[in-house]
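Notes for the one structure printed next.
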Amino acid sequence: MSLKSKYQMMSQKPEKYSSSYNFPANGILLLDSGVGSILIASEIKKLLPTAPLLSLGDQKFFPYGMKTEDFLLSRVHQLLDSVFENFSPSVIVIACNTASTCVLDSLRQKFEVPIVGVVPPIKPAAEYSANRKIGLLCTEATLNRPYLDRLILDFASDCSVTKVGCKALAELAEKRMAGEFVSLQEVKVDLHAYMNKLRIVDSLVLGCTHFSIFRNELEEILGCHIKIFDPAIAVARQVARVFEQSGFQLNSPYWYMTTDKDLSISKEKCISLGIEEVYSL
Ligand code: DGL
């Protein structure tokens, strides 16, 4: 693996973050098809401000929501093998529902470090729902996973679950992170055909890590009475528990690594999120 620095956040970057700076051995590695890893990392940063974070966005193969299980299995293994050539993270977070719902078992068999996955938070939504009507937004791939059927059967078998396989929302999240304007109308597109059903749910599950960026818009579209279940905070708490057991390191770089040849997050966003350096893999 060769790392090429896209640029360094000069305005914020302390001297020690030179391009030759080595990422600490025991950092937290997050993997997603794109900016979902950053959205989860932001929650982790609130709990562990000094923990070294490495967010990896596989933007070359975005969207994962249109890929087969076989493809994702081999791609995620290949990516993690490459990362392990240079880094030895102490925790791996598969910050992607589409990947987690098919790769977690095989990763846990292969890697010895703890692996935290992100799956749709059906359980807390079902525990909360008074009218037993739940909405679920996820990618089309997640929608068809047996893993999802099992989650619903185990925790929400007495609920009516309106499942929406979103085609555009993840891409819109990438667009917003790239600094482009995304309108409310664009956010609505995936939901149009389901509006009648979604208006009567009392809880909405975000089954894709990209979608947290549109929490406000979703509230505006569906109404504030709906409680949104976003797994980011619960995942961050779990990562914090695991990470604290593995020993703390005081220096705290936050890197973003992309597999795409072009940087797809705006520099302003990187700075506001605390990302110090961006690399391509
Ligand atoms: N963020 C990913 C998830 O949680 C999927 C986005 C994509 O389609 O690549 O499922």
Side-chain angles (χ1 to χ4, degrees), residues 29-44 55-76 78-80 92-104 107 115-122 124-125 135-152 163-178 182 186-187 189-191 204-215 217-218 228-236 238-239 256-260 264-265 269 273 281:
L29 169 74
L30 297 104
L31 168 64
D32 178 48
S33 59
V35 301
S37 62
I38 293 177
L39 296 168
I40 300 277
S42 295
E43 292 301 328
I44 295 175
S55 288
L56 172 55
D58 190 11
Q59 274 141 333
K60 186 172 178 188
F61 287 101
F62 174 87
Y64 276 5
M66 305 298 279
K67 302 288 184 294
T68 64
E69 284 197 33
D70 284 349
F71 175 87
L72 288 179
L73 259 173
S74 78
R75 178 66 183 160
V76 171
Q78 180 201 350
L79 272 177
L80 291 182
I92 298 173
V93 185
I94 304 299
C96 173
N97 295 256
T98 310
S100 290
T101 47
C102 70
V103 302
L104 285 179
L107 293 181
I115 297 178
V116 177
V118 180
V119 296
I122 298 285
L136 164 68
L137 309 183
C138 59
T139 65
E140 295 203 297
T142 301
L143 196 76
N144 295 314
R145 294 263 195 274
Y147 193 109
L148 180 67
D149 295 336
R150 275 201 308 276
L151 275 180
I152 294 175
K163 299 186 257 179
V164 184
C166 299
K167 291 191 172 78
L169 218 45
E171 187 144 10
L172 292 172
E174 295 283 323
K175 197 171 152 187
R176 176 167 289 176
M177 275 290 196
V182 175
E186 287 177 282
V187 176
V189 166
D190 280 331
L191 312 183
L204 181 75
V205 173
L206 301 189
C208 170
T209 51
H210 278 67
F211 299 171
S212 343
I213 204 168
F214 295 123
R215 277 188 74 125
E217 285 81 355
L218 290 169
I228 295 182
F229 288 84
D230 179 352
I233 296 168
V235 167
Q238 196 187 343
V239 172
Y256 183 65
M257 211 184 272
T258 173
T259 56
D260 200 359
S264 45
I265 310 172
K269 284 273 183 217
L273 291 161
L281 176 62

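Counting convention: from 1, in listed order, for ligands and their atoms alike.
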Self-check item: Passing candidate, side chain to side chain contact (heavy atoms under 4.5 Å, CB included) with F214, options V187, I228, L206
Solution: V187
Which atoms of ligand 1 have any heavy atom of [X] under 4.0 Å away?
| X | value |
| --- | --- |
| D32 | 1 (N), 2 (C) |
| T139 | 5 (C), 8 (O), 10 (O) |
| Y64 | 7 (C), 8 (O), 9 (O) |
| F62 | 7 (C), 9 (O) |
| N97 | 3 (C), 4 (O), 10 (O) |

Give yes or no for whether the N/O distance cutoff of 3.5 Å, strictly under, is met between [X] and ligand 1.
| X | value |
| --- | --- |
| G65 | yes |
| T209 | yes |
| T98 | yes |

Quiz item: Of the backbone atoms (N, CA, C, O) and the side-chain heavy atoms from C-beta on, which set of S33 has a member under 4.0 Å from an atom of ligand 1: side chain, backbone, both, or neither?
Solution: side chain
Quiz item: Should L136 and V164 count as side-chain neighbours, where that means a heavy-atom distance under 4.5 Å?
Solution: no
Quiz prompt | Over 12 non-hydrogen atoms of neighbours within 6.0 angstrom of CD in E186 | solution = yes
Practice problem: Compute the minimum heavy-atom distance from G36 to ligand 1 and say whether it is under 4.0 Å. | Solution: no
Self-check item: Distance from atom 1 (N) of ligand 1 to nearest protein heavy atom, with residue and atom
Solution: H210 ND1, 2.7 Å
Quiz item: So, are D58 and R75 salt-bridged, with charged N and O less than 4.0 Å apart?
Solution: yes
Quiz item: Ion pair present between E217 and R176, side-chain N to carboxylate O less than 4.0 angstrom?
Solution: yes
Quiz item: Is there a donor-acceptor contact under 3.5 Å linking the side chains of S212 and D230?
Solution: yes
Exercise. Report the residues that fulfil side-chain hydrogen bond (donor to acceptor under 3.5 Å, both in side chains) with E174, sequence neighbours left out, ordered by chain and then residue number.
Key: Q59, H210
Quiz prompt | For Y64, ring pair (Phe, Tyr, Trp, His ring centres under 6.0 Å) partners two or more places apart | solution = none
